[in-house]
Amino acid sequence: MSTSLLLRQVRHLSTAAATTSSSSSAISISKAKAKLRSELDPDKALEIYSSVSNHYTSPVSSRYAQDLTVKRLAKSRRFADIETLLESHKNDPKITQESYISTLIRSYGLAGMFDHALKTYNQMDDLGTPRSAISFNALLSACNQSKLFNQVPKLFKEIPQKYGFLPDRVSYGVLVKSYCESGSPELAIETMNEMEDKGIEITTVTFTTILDAFYKKGNRDEAERIWNEMLKKGCLPDVAVYNVRLMHHSQGGEAENVKGLIEEMSNLGLKPDTISYNYLMTCYCKCGMMDEAKKVYQGLEENGCYPNAATFRTLIYHMCRSEDFEEGYEMFKKSVKVHKIPDFNTLKHLVHGLVKKSKIDEAKRMCWTAKKKFPANFLNAWRKLEEQLDLAAIPSSGTGHLDGSDHV
DNA sequence: GTAGGGTTAG
């Protein structure tokens with residue numbers, strides 16, 4: 001189906017949703033989300049999205065599907081398509097709900113289209129949508145997402161005053177983020193003091209933003225001071241704030257410290273997630289402790305976690321570095337099986353390595369599978385790689401199915 | 001019903 005046709009259909013569907021309640025061909029939103037996660041092709045993503053977009057249930061459930069679709073389109077620089085898609089939602093009667101229009105504002109931000117986000121925010125008067133901190137927060141987030149960090153303080157000063165509402169702790173959270181992103185965590189601390197004066201709750205989230213900013217600046221002492229202040233203020237640490245600490249300790253290859261932080265989390269009753277374990281794994285890989293890294297991978301499931309694309313990418317990358325290409329190939333097959341294939345560059349190293357070790361059949365099978373699993377715009381890159389390495393012929397044994405049907 | 005952690009690499 002062509003994109004323009006599809007978009008026309010989407011528009012039709014969202015208008016139709018105003019009068020009729022459902023369409024029998026639509027797939028469930030949870031099914032769509034799962035499909036969207038593994039779909040890198042923007043056209044196909046749009047197709048999946050269009051089959052659920054007329055089934056708007058609540059902002060939170062449809063936002064994820066919309067965000068994924070917009071992100072795919074933005075990555076392909078298809079801004080006109082994003083506009084058509086998001087503008088079509090303005091025909092929906094739910095546009096008078098502040099939370100509904102807020103998802104559109106946020107999505108424009110995600111695409112880096114802040115001018116459209118602001119235009120939508122300004123349209124609220126005409127559309128008859130009431131304003132509060134909710135849509136304001138969406139606008140501020142859109143500003144940050146579009147990397148216009150310097151504009152956030154200005155909006156923060158002007159908009160609540162203009163429309164007569166008060167910024168809430170989330171609004172302040174976005175403001176803090178904008179200062180941190182501009183490289184001024186000092187201004188973020190000032191903002192935190194201001195929050196305290198105004199009686200606005202400072203949460204673990206706000207501290208996490210600032211903690212991360214100081215680590216990124218290489219100011220570890222200040223980061224530690226923020227961490228201690230957070231605890232002193234009675235904010236409970238959670239998995240996200242530990243992941244910030246894990247990230248910065250794993251970058252220095254401090255395997256013992258990272259291991260210690262993971263244990264600290266468990267002692268506090270926090271369950272490390274895939275991101276936490278990925279940091280531990282990365283750290284072991286960097287220290288050349290590949291066996292320990294593999295143990296982390298093998299233990300993921302019993303810890304209630306699933307490997308993601310970064311898990312496979314990290315393992316495959318470091319297996320290639322230590323010339324364990326066959327092991328890397330086994331890992332590649334596992335990644336295909338669970339639809340978490342790493343990026344092209346990582347796999348390129350692996351194909352080269354397999355050829356170097358005369359594992360021609362494996363290299364051919366890899367290319368064959370990758371061409372099927374990557375989005376269409378990668379087809380040329382894979383063909384070129386095949387040609388360079390003289391792998392273009394059909395794999396010698398069998399058809400080379402790697403997607404769970406054999407060989408895995 | 002919104003804010004924080006995944007360019008975890010070369």
Side-chain angles (χ1 to χ4, degrees), chain A residues 58-64 67 97-103 105-107 109 131-145 152 156 165 167-181 185 188 191-192 195 200-216 223 226 230 235 237-253 258 261 265 270 272-286 293 296 305 307-318 320-321 340 342-346 348-349 352:
Chain A
S58 72
V60 71
S61 69
S62 59
R63 199 187 65 221
Y64 183 72
D67 284 358
Q97 293 173 19
E98 192 179 8
S99 57
Y100 185 86
I101 200 164
S102 296
T103 65
I105 294 169
R106 261 182 48 98
S107 287
R131 290 173 201 275
S132 73
I134 292 170
S135 51
F136 175 57
N137 295 346
L139 183 71
L140 287 185
S141 302
C143 202
N144 269 347
Q145 294 280 5
V152 171
F156 195 91
F165 61 83
D168 63 10
R169 63 183 188 191
V170 176
S171 323
Y172 277 96
V174 187
L175 178 64
V176 161
K177 178 72 177 167
S178 78
Y179 284 134
C180 288
E181 289 285 346
T191 306
M192 225 164 46
M195 289 168 78
I200 290 164
E201 186 196 5
I202 303 168
T203 65
T204 304
V205 175
T206 315
F207 277 110
T208 305
T209 311
I210 300 175
L211 183 75
D212 182 51
F214 278 120
Y215 272 127
K216 281 194 175 126
I226 289 293
M230 184 189 106
C235 294
D238 59 15
V239 175
V241 74
Y242 264 99
N243 282 349
V244 167
R245 301 178 75 206
L246 283 167
M247 171 171 62
H248 291 97
H249 287 272
S250 69
Q251 276 167 359
V258 172
L261 283 171
M265 290 173 81
L270 295 170
D273 62 11
T274 303
I275 298 171
S276 322
Y277 287 117
N278 278 353
Y279 285 131
L280 180 62
M281 213 183 61
T282 304
C283 193
Y284 281 138
C285 287
K286 276 186 179 169
V296 176
C305 297
N308 60 21
T311 312
F312 290 112
R313 183 186 62 195
T314 304
L315 277 174
I316 291 174
Y317 174 74
H318 287 279
C320 288
R321 282 199 66 157
K340 308 278 181 195
D343 61 290
F344 176 77
N345 274 331
T346 303
K348 196 172 76 181
H349 285 302
H352 275 275

Nearest whole Å is fine: how far is [N] [atom2] from [X] [atom1]?
| X | N | atom1 | atom2 | result |
| --- | --- | --- | --- | --- |
| F136(A) | dA3(B) | CZ | C1' | 12 Å |
| K340(A) | dG6(B) | NZ | P | 18 Å |
| F312(A) | dT8(B) | CZ | C1' | 15 Å |
| D212(A) | dT7(B) | CG | C1' | 13 Å |
| Q145(A) | dG4(B) | CD | C1' | 12 Å |
| N345(A) | dT8(B) | CG | P | 12 Å |
| L175(A) | dG4(B) | CG | C1' | 14 Å |
| N278(A) | dT7(B) | CG | C1' | 14 Å |

Salt bridge (charged side-chain N to carboxylate O under 4.0 Å, His left out) contacts in which one or both residues fall within residues 203-216 of chain A, not counting sequence neighbours: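 As it turns out, the salt bridge (charged side-chain N to carboxylate O under 4.0 Å, His left out) pairs with a partner in residues 203-216 of chain A, which skip direct neighbours, are D212(A)-K216(A).
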Within the structure shown, what part of the strands sits under 4.0 Å from [X] by heavy-atom distance: base, sugar-phosphate, or nothing?
| X | value |
| --- | --- |
| S276(A) | nothing |
| V176(A) | nothing |
| K348(A) | nothing |
| T311(A) | nothing |
| R106(A) | sugar-phosphate |
| T203(A) | base |
| A310(A) | base |
| T209(A) | sugar-phosphate |
| R313(A) | base |
| D238(A) | base |

Starting the side chain at C-beta, find the nucleotide from [options] nearest to [X].
| X | options | result |
| --- | --- | --- |
| V170(A) | dA3(B), dG10(B), dG4(B) | dA3(B) |
| V174(A) | dG6(B), dG10(B), dA3(B) | dA3(B) |
| V205(A) | dG4(B), dT8(B), dG10(B) | dG4(B) |
| S141(A) | dT8(B), dA3(B), dG10(B) | dA3(B) |
| K216(A) | dG10(B), dG4(B), dG6(B) | dG6(B) |

4.5 Å side-chain heavy-atom contact, R169(A) and T203(A):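 Yes, side chains in contact.
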Taking every non-hydrogen atom, the tightest pair across P237(A) and Y242(A): CB-CE1, 3.7 Å
Does any donor atom in the side chain of [X] or [Y] lie under 3.5 Å from an acceptor atom in the other side chain?
| X | Y | answer |
| --- | --- | --- |
| N144(A) | S141(A) | no |
| S107(A) | D67(A) | yes |
| N137(A) | S171(A) | yes |

Check: Y317(A) side chain, dG10(B) base, donor-acceptor under 3.5 Å: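 Yes, the side chain and the base share a sub-3.5 Å donor-acceptor pair.
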Check: S171(A) side chain, dA3(B) base, donor-acceptor under 3.5 Å: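 Not at all, since no donor on one side and acceptor on the other fall under 3.5 Å apart.
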5'-most by nearest nucleotide on DNA chain B - K286(A) or N308(A): N308(A)
